[in-house]
**Student:** 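Sending over a structure as structure tokens; questions will come in a sec.
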Amino acid sequence: MDSGNVRALRERLERVLARELGAASVRSVARARSTEGFSQDTFRFDAEVARAGARGVERWVAKREPVAGLLEPYDLEPEFRVLHALSEDPFPSPPTPWFTRDPAVLERPFYVMRCLPGEVPIPAPSADGSGPFADDERRALGPEVARTLAALHAVDWRARGLGFLGDPGPGPAAAARELARWEARIRASGLPTEPALAAALVWLRAHVPSCDETTLVHGDYRLGNFLVERAGARSRLTGILDWEMVHLGDPLEDLAWCASPLWRAGTELASGLLLPDELAAVYATAAGRAVDPARLRFYDVLTLVKMIAIMQTGIRAFNDGRTHDLRMAIFDHQLPFLLLILAMTLDFFGGGAD
Amino acid sequence: MRIAAEHLIDGVVRTLVEAVLPDVASPFARGQLYAAVDALRNLRDRIEPRTDQAEEESASAVAALERAVAALATAAPAVADRLRAALEAAPAAPPPARTAAVRAVLVDALEAIATLPAEVAQAARRPLAEHLGAQALRDVAPLKPSMLGEISRG
């Protein structure tokens with residue numbers, strides 16, 4: 001958003017907010033472009049809302065479809081529909097009242113959701129090498145993250161009208177569909193195939209697991225998308241963010257993603273919270289679902305392939321000049337680290353995993 | 001690397017001018033920023049890609065592929081012949097072109113080997129996997145520690 005039209009955009013946003021919130025007046029008193037989100041344009045704003053004579057400040061977030069980026073081509077509507085369907089649920093997703101494709105407001109489609117309290121610890125090692133959480137915070141948040149994931153997977157997606165996401169059905173279809181989805185993204189990036197990535201794809205095709213249940217899958221459930229309130233042993237998870245990759249599929253996909261080495265923030269801990277085995281054990285107990293090691297391993301590898309596909313998409317967008325966001329360019333230097341993790345995961349150093 | 005150095009520098013210049021400069025108030029800091037832009041603009045045409053890394057990768061990949069071809073010679077001669085011919089067809093120079101061609105043969109080999117019986121595939125895949133592991137280490141070695149944390153925190 002260039003600075004020349006910020007005022008006009010803000011005024012339009014205020015008018016729309018007033019209408020949609022049913023408020024007498026709305027005034028944007030703070031607007032800051034977030035730095036955490038890599039794929040969508042995210043804007044936070046406080047709105048002074050007058051309702052029935054009482055004035056109050058409500059905190060909101062607008063997520064706007066980017067022109068180009070990591071998950072292109074973009075369509076915000078599916079994630080909006082999921083968030084909207086979960087808005088009245090105790091599950092900690094942000095209440096999300098509305099979405100518009102109308103370009104007259106913010107030039108591109110966007111939705112608005114409540115800004116939940118808390119902060120978003122990021123999955124990067126701190127300067128002193130410590131993890132993102134103190135021990136007492138971890139003890140509170142780790143099990144809660146596992147139990148919340150189990151709660152997400154218990155959502156009755158049919159009853160909530162989320163069948164539009166596409167039920168893959170039982171058997172290998174869920175895993176095969178995800179593999180095909182990400183292979184297509186890799187091809188669409190148009191970059192020369194990395195041999196290590198080709199080896200991973202060969203391995204994945206040979207190890208597609210079966211799954212007899214279909215659940216809602218967040219798709220990006222991990223440190224960096226957890227909103228938390230830190231209060232020592234009373235720390236709590238206040239929100240789950242970034243639902244761009246939500247779909248229906250195998251619940252273990254989320255578990256593997258959450259435990260991936262990609263988000264350990266310099267620790268041995270899944271999402272900086274629990275040892276991966278502990279996460280799986282707490283999740284299994286809460287979900288009443290056995291964690292099949294072979295299925296989990298498939299999704300461990302798929303997690304890395306997905307991230308490589310995402311980075312390649314960003315690199316391609318930067319190369320094409322469709323985005324000038326330098327955060328896309330730095331993926332060119334991040335990709336070799338991912339390929340190294342892939343090499344370790346598939347034991348290339350020992351001749352390759354069967 | 002998948003982004004040409006010149007293109008990356010152009011992107012950095014653009015970001016400095018369009019996204020950073022408008023928020024810099026101090027005249028001294030603005031002057032330093034313009035100096036950085038000036039330096040980068042003049043640096044962009046003085047950069048040549050290193051060829052030693054490409055040569056090292058090609059040599060390692062070719063050696064691995066030759067071991068794989070030898071492992072396939074009896075059990076899967078058609079695959080072995082095809083891979084050997086592809087290797088011979090790879091250009092000898094310039095180094096980046098040779099590396100790209102050898103990488104394509106490697107991808108072809110990995111996919112072809114996956115169609116073979118397990119005991120044949122395992123022997124042929126081993127040298128390729130070992131090369132990929134070693135190459136992953138070589139690719140990471142020159143990289144600086146990630147600043148992703150700082151980038152995310154702002």
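Each chain gets a letter, A, B and so on, in the order the sequences are listed, and its residues count up from 1.
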**Student:** In terms of heavy-atom contacts, does CZ of A:Arg205 have more than 12 from other residues, nucleotides or ligands at under 6.0 Å?
**Tutor:**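 Yes, because the 6.0 Å sphere around CZ of A:Arg205 holds more than 12 heavy atoms from other groups.
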**Student:** Show every salt bridge (charged side-chain N to carboxylate O under 4.0 Å, His left out) that has at least one partner inside residues 187-197 of chain A, sequence neighbours left out.
**Tutor:**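 Checked against salt bridge (charged side-chain N to carboxylate O under 4.0 Å, His left out) - neighbours excluded - the pairs reaching residues 187-197 of chain A are A:Glu194-B:Arg2, A:Glu194-B:Arg103.
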**Student:** Let me know if A:Pro195 has heavy atoms under 4.5 Å from chain B in its side chain, its backbone, both or neither.
**Tutor:**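 Contact with chain B is through both the backbone and side chain of A:Pro195.
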**Student:** What part of A:Leu340 gets closer than 4.5 Å to chain B, counting heavy atoms only: side chain, backbone, both or neither?
**Tutor:**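 Contact with chain B is through both the backbone and side chain of A:Leu340.
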**Student:** Please tell me if the side chains of A:Leu339 and B:Val140 come closer than 4.5 Å, counting only heavy atoms from C-beta onward.
**Tutor:**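 When only atoms from C-beta onward are counted, B:Val140 and A:Leu339 do not touch, as no gap falls below 4.5 Å.
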**Student:** Which answer fits B:Ala19, side chain, backbone, both or neither, if we ask what part of it has an atom under 4.5 Å from a heavy atom of chain A?
**Tutor:**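 Neither part.
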**Student:** On a heavy-atom basis, which atom in A:Phe349 and which in B:Glu130 lie closest, and how many Å separate them?
**Tutor:**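 Looking at all heavy atoms of both residues, the closest pair is O-CG, 4.5 Å.
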**Student:** Identify which part of A:Pro123 has an atom lying under 4.5 Å from any heavy atom of chain B, answering side chain, backbone, both or neither.
**Tutor:**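 Nothing of A:Pro123, per the 4.5 Å heavy-atom cut-off to chain B.
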**Student:** Give, as side chain, backbone, both or neither, the part of B:Gln122 having an atom under 4.5 angstrom from any heavy atom of chain A.
**Tutor:**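 It is the side chain, since no backbone atom gets that close.
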**Student:** When you measure from the side chain of B:His7 to the backbone N and O of A:Phe318, does any donor-acceptor pair fall under 3.5 Å?
**Tutor:**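 Yes; judged by distance alone, with no hydrogens or angles, the pair exists.
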**Student:** Would you confirm whether the ring centroid of B:His131 sits within less than 6.0 angstrom of the ring centroid of A:Phe348?
**Tutor:**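 Aromatic pair excluded; centres sit 6.0 Å or further apart.
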**Student:** What closest approach, in Å, do B:Leu132 and A:Ala196 show between heavy atoms, and which atom pair accounts for it?
**Tutor:**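 Distance-wise, the nearest heavy atoms are CD2-N, 3.8 Å.
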**Student:** Heavy-atom cut-off 4.5 Å, strictly under: side chain, backbone, both or neither for B:Thr15 against chain A?
**Tutor:**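 It is the side chain, since no backbone atom gets that close.
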**Student:** Show your working on side chain to side chain contact (heavy atoms under 4.5 Å, CB included) between A:His333 and B:Leu8 and close with a plain yes or no.
**Tutor:** CA-CA 12 Å; A:His333 304 107; B:Leu8 182 57; 4.0 Å; yes
**Student:** Rounded to the nearest 0.5 Å, what separation is found between the CG atom of B:Leu148 and the CD1 atom of A:Ile122?
**Tutor:**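 Rounded to the nearest 0.5 Å, the CG-CD1 separation comes to 7.5 Å.
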**Student:** What pair of heavy atoms forms the shortest contact from B:Ala129 to A:Gly352, and how long is it?
**Tutor:**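 What the structure gives for the nearest pair is CB-N, 3.7 Å.
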**Student:** I'd like to know whether CD of A:Glu268 has more than 12 heavy-atom contacts from other residues, nucleotides or ligands below 6.0 angstrom.
**Tutor:**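 Atom CD in A:Glu268 is not crowded, with 12 or fewer foreign heavy atoms closer than 6.0 Å.
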**Student:** Is A:Ala124 in contact with chain B via its backbone, its side chain, both, or neither, using a 4.5 Å heavy-atom distance?
**Tutor:**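 Both the backbone and the side chain of A:Ala124 come within 4.5 Å of chain B.
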**Student:** If we define contacts as heavy-atom pairs under 4.5 Å, which of B:Leu143, B:Val12, B:Leu106 has the most with chain A?
**Tutor:**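 Most pairs with chain A among the choices: B:Leu143.
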**Student:** Is the side chain of A:Asp332 donor-acceptor paired with the backbone N or O of B:Met1 at a distance under 3.5 Å, no angle test?
**Tutor:**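 Side chain of A:Asp332 to backbone of B:Met1, a donor-acceptor pair under 3.5 Å: no, none is there.
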**Student:** Quick check: closest heavy atoms across B:Gly133 and A:Ala343, and the distance to 0.1 Å?
**Tutor:**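 Reported closest heavy-atom pair: CA-CB, 4.2 Å.
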**Student:** Under 4.5 Å heavy-atom distance to chain B, tell me which part of A:Arg316 shows up: side chain, backbone, both or neither.
**Tutor:**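 Neither; nothing under 4.5 Å.
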**Student:** At a heavy-atom separation under 4.5 Å, does A:Ala199 approach chain B through its side chain, its backbone, both, or neither?
**Tutor:**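 Both the backbone and the side chain of A:Ala199 come within 4.5 Å of chain B.
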**Student:** On a heavy-atom basis, which atom in A:Val202 and which in B:Ala114 lie closest, and how many Å separate them?
**Tutor:**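 That would be CG1-CB, 3.4 Å.
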